[in-house]
Student: 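For reference, the structure I am asking about is given below.
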Amino acid sequence: MKILAVYSSKGGVGKTATSVNLAYTAVQTGQRVLLCDMDSQGAASYYYRIKPKKKFNRSRLLSGSYYQFIRGTDYPGLDLLPAHFSFRNLDIALKNGENKKNRKILYGLLKPLESEYDIIILDCPPNLTLLSENIITAADCVLTPVVPTTLSVLALSQLLKLFKKMDCGKRKILAFFSMVEGRKTMHRGVMQKYGKHPIFVKNYIPYNAEIEKMGLYRKPVGARGSSLSVGNSAYRKLWSEIQQRRLA
Ligand SMILES: Nc1ncnc2c1ncn2[C@@H]1O[C@H](COP(=O)(O)OP(=O)(O)OP(=O)(O)O)[C@@H](O)[C@H]1O
Ligand SMILES: [Mg+2]
C-alpha cells in the first residue's frame with residue numbers, strides 16, 4: 001500500500017481536482033484505491049456524490065473506528081472516506097503535548113488498511129499545522145500543485161522548510177505545475193525558472209474548462225465524455241510519471 005498526499009499550504013491551487021482525478025485514473029489502471037477527504041469543506045466527497053453518515057465524526061476517525069464509514073463510489077475499486085465538518089479541528093485534536101509521536105497518528109490510523117488498498121490518496125486542507133506534519137509523515141509521496149505564480153512558489157518554499165524541520169529532506173516530495181495558462185507571460189516565466197528543479201515532474205495540468213466544470217457534473221473528468229480529453233490525458237500522464245518516480 002502506498003500513500004499519496006496531495007498537499008499545499010496554499011488554497012485553491014487544484015489539490016482536490018488532482019486528488020479526485022488521480023484516484024479515478026489509478027482505479028482505471030486496476031489498483032484498489034481509497035480517497036480520503038481530509039478537508040472539512042468536503043469537496044472531494046461532493047465530487048463523488050458522497051455524504052458522511054450521521055454517526056461519523058472526527059472522534060471516530062481518531063479512535064480508529066472509521067472503517068465502517070468508508071463508502072463505495074460509482075466506480076468499482078474506488079472507495080472514499082468522506083470528510084466531516086468536525087475535521088476542521090483535527091489539528092487541535094491531534095495536539096496533546098509536543099511529543100514527536102503526534103506526527104505519526106495518521107499513519108497509525110491508515111496502516112491497518114494495508115491489505116485492502118494498493119493506494120490511498122489524501123485530499124488535504126490548505127494549512128501548515130500538526131495535521132500537515134501527520135500527512136507528510138504518513139505519505140510515501142507528497143504531491144504539491146504549484147500554480148506558476150510567485151505566491152505559489154512561496155508556498156512551495158515553505159513546504160521545503162517544513163520538510164527540513166521534520167528531517168525528511170526532499171526525498172518524498174514531488175511538485176507539478178497546476179492550472180497552467182500558456183498564454184500568460186508570468187506562467188511561462190515561472191515554469192522556465194523553476195521547472196528544471198529536480199522536485200518538479202515534467203507533466204503539468206493545464207487550465208481547462210472541463211476540469212473547472214467538475215463541480216457541475218460531479219464526476220472525475222475521465223468519467224465524462226472522451227477518455228482522450230485534454231484534462232483526462234493530462235492526469236493520466238501525471239499519474240504515470242508520479243508512479244515511476246515515487247510510487248513504484
Ligand atoms: N486545471 C484546472 N483548470 C481549471 N480549473 C481548475 C483546475 N483545477 C482546479 N480548478 C478549479 O479551481 C478551483 C480550485 O480548485 P481545487 O478545489 O481543486 O483547489 P484546492 O487546492 O483543493 O482548494 P482548497 O485549498 O480550497 O481545498 C475549483 O473551482 C476547481 O474547479
Ligand atoms: Mg481542496
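Everything quoted here is computed from the prediction, not taken from an experiment. One-based numbering, in listed order, for ligands and for the atoms of each. Start at 1 with the first residue, then count along the sequence.
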Student: With a 4.0 Å cut-off on heavy atoms, is Met179 in contact with ligand 1?
Tutor: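 So Met179 counts as touching ligand 1.
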Student: For Ser45 and Asp37, test the side chains for any donor-to-acceptor distance below 3.5 angstrom and give the result as yes or no.
Tutor: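 On atom types as modelled, these side chains qualify, holding a pair under 3.5 Å.
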Student: Nearest to atom 7 (C) of ligand 1, what protein heavy atom do you find, and at what distance?
Tutor: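 So the nearest neighbour among protein heavy atoms is Ile211 CG2, 3.6 Å.
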Student: What heavy-atom pair brings Arg71 and Lys51 nearest, and what distance separates the two atoms?
Tutor: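 Shortest heavy-atom separation between Arg71 and Lys51 comes out as NH1-O, 2.8 Å.
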Student: Tyr66 and Phe56: aromatic ring centres closer than 6.0 Å?
Tutor: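 Tyr66 vs Phe56: aromatic centres not under 6.0 Å.
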Student: Can you tell me if an N/O/S atom from Ser19 lies under 2.8 Å from the Mg ion (ligand 2)?
Tutor: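 So Ser19 does not count as coordinating the Mg ion (ligand 2).
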Student: Report yes or no: does Asp79 contribute a side-chain atom to a donor-acceptor pair with the main-chain N or O of Leu34 at less than 3.5 Å?
Tutor: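 It does not hold such a pair.
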Student: Looking at Val142, Leu156, Thr144, which one forms a side-chain contact (heavy atoms from CB on, under 4.5 Å) with Ile199?
Tutor: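 For Ile199, the side-chain contact (heavy atoms from CB on, under 4.5 Å) test succeeds with only one of Val142, Leu156, Thr144, which is Leu156.
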Student: Answer yes if the ring centres of Phe200 and Tyr194 are under 6.0 angstrom apart, and no otherwise.
Tutor: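 Aromatic pair excluded; centres sit 6.0 Å or further apart.
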Student: Please write down residue, atom name and distance for the protein heavy atom closest to atom 5 (N) of ligand 1.
Tutor: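 Its nearest protein heavy-atom neighbour is Glu212 CB, 3.6 Å.
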Student: When only distance counts, is Tyr235 in polar contact with ligand 1, meaning an N/O pair under 3.5 Å?
Tutor: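 No, no N or O pair falls under 3.5 Å.
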Student: At what distance is the nearest protein heavy atom to atom 17 (O) of ligand 1, and which residue and atom is it?
Tutor: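 Looking at atom 17 (O) of ligand 1, the protein heavy atom closest to it is Thr16 CB, 4.0 Å.
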Student: Report yes or no: does Tyr46 have a heavy atom closer than 4.0 Å to ligand 1?
Tutor: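 Checking ligand 1 against Tyr46, which is what was asked, there is no heavy-atom contact under 4.0 Å.
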Student: Quick check on contacts: which atoms of ligand 1 are under 4.0 angstrom from a heavy atom of Tyr47?
Tutor: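 Heavy-atom distances to Tyr47 below 4.0 Å select 31 (O).
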Student: Are side-chain heavy atoms of Thr18 and Tyr235 found at a separation under 4.5 Å?
Tutor: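 They are in contact (side-chain heavy atoms under 4.5 Å apart), so the answer is yes.
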Student: Determine yes or no for a side-chain-to-main-chain donor-acceptor pair under 3.5 angstrom, with Glu241 supplying the side chain and Lys202 the backbone.
Tutor: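 Yes.
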Student: Using a strict 4.0 Å cut-off to heavy atoms of Ile205, name the atoms of ligand 1 that fall inside it.
Tutor: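 Matching atoms, with element in brackets: 1 (N).
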Student: So, does Ser178 sit close enough to ligand 1 that a heavy atom of it is under 4.0 Å from the ligand?
Tutor: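 So Ser178 does not count as touching ligand 1.
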Student: Check whether Arg103 reaches the backbone of Ile136 with its side chain - one donor and one acceptor, N or O, closer than 3.5 Å.
Tutor: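 It does not hold such a pair.
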Student: Does the protein put any heavy atom within less than 4.0 Å of atom 29 (O) of ligand 1?
Tutor: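 Under the 4.0 Å cut-off, atom 29 (O) of ligand 1 has no protein heavy-atom neighbours at all.
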Student: Which atom pair, heavy atoms only, marks the closest approach of Ser178 to Val13?
Tutor: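 Result for this residue pair: OG-O, 2.6 Å.
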Student: At what distance is the nearest protein heavy atom to atom 21 (O) of ligand 1, and which residue and atom is it?
Tutor: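 Looking at atom 21 (O) of ligand 1, the protein heavy atom closest to it is Lys15 NZ, 2.7 Å.
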Student: Please name the pair of heavy atoms, one in Ala223 and one in Tyr75, separated by the smallest distance, quoted to 0.1 Å.
Tutor: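 Closest pair (atom of Ala223, atom of Tyr75, distance): CB-OH, 3.6 Å.
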Student: With heavy-atom distances below 4.0 Å as the criterion, list the atoms of ligand 1 near Pro126.
Tutor: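 It comes down to these atoms of ligand 1: 25 (O).
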Student: Quick one: which of Ser9, Ser8, Gly14 has a heavy atom closest to atom 16 (P) of ligand 1?
Tutor: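 It is Gly14 whose heavy atom sits nearest to atom 16 (P) of ligand 1.
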Student: Among all protein heavy atoms, pick out the one at the shortest distance from atom 4 (C) of ligand 1; state its residue, atom name and that distance to 0.1 Å.
Tutor: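 Sorting protein heavy atoms by distance from atom 4 (C) of ligand 1 puts Asn208 O, 3.3 Å first.
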Student: Distance under 4.0 Å to a non-hydrogen atom of Gly11: what atoms of ligand 1 satisfy this?
Tutor: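 Here the atoms of ligand 1 in question are 25 (O).
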Student: Who's the nearest protein heavy-atom neighbour of atom 27 (O) of ligand 1, and how far?
Tutor: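 Nearest protein contact, heavy atoms only, for atom 27 (O) of ligand 1 is Asp39 OD2, 3.5 Å.
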Student: Search all heavy atoms of Ile242 against all heavy atoms of Cys141 and return the closest pair with its distance.
Tutor: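 In terms of heavy atoms, the two residues are closest at CG2-SG, 4.3 Å.
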Student: Please write down residue, atom name and distance for the protein heavy atom closest to atom 1 (N) of ligand 1.
Tutor: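 Protein heavy atom at minimum distance: Pro206 O, 2.9 Å.
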Student: Check ligand 1 against Ala17 and write out every atom of the ligand that is under 4.0 Å from a heavy-atom position of the residue.
Tutor: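 In order of numbering, the contacting atoms are 8 (N), 9 (C), 18 (O).
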Student: Can you tell me the protein heavy atom closest to atom 26 (O) of ligand 1 and the distance?
Tutor: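 The closest one turns out to be Gln41 NE2, 3.6 Å.
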Student: Identify the heavy atoms of Pro52 and Ala83 that sit nearest to each other, and give their distance.
Tutor: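 It is CG-O, 3.2 Å.
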Student: How close do Pro145 and Leu143 get, counting heavy atoms only, and between which atoms?
Tutor: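 In terms of heavy atoms, the two residues are closest at CD-O, 3.8 Å.
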Student: Judged by non-hydrogen atoms, does Gly12 sit under 4.0 Å from ligand 1?
Tutor: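 Yes, Gly12 has a heavy atom closer than 4.0 Å to ligand 1.
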Student: Are any of the heavy atoms in Lys213 under 4.0 Å away from ligand 1?
Tutor: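 So Lys213 does not count as touching ligand 1.
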Student: What atoms in ligand 1 come closer than 4.0 Å to a heavy atom of Val13?
Tutor: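 Atoms satisfying the 4.0 Å criterion: 19 (O), 20 (P), 21 (O).
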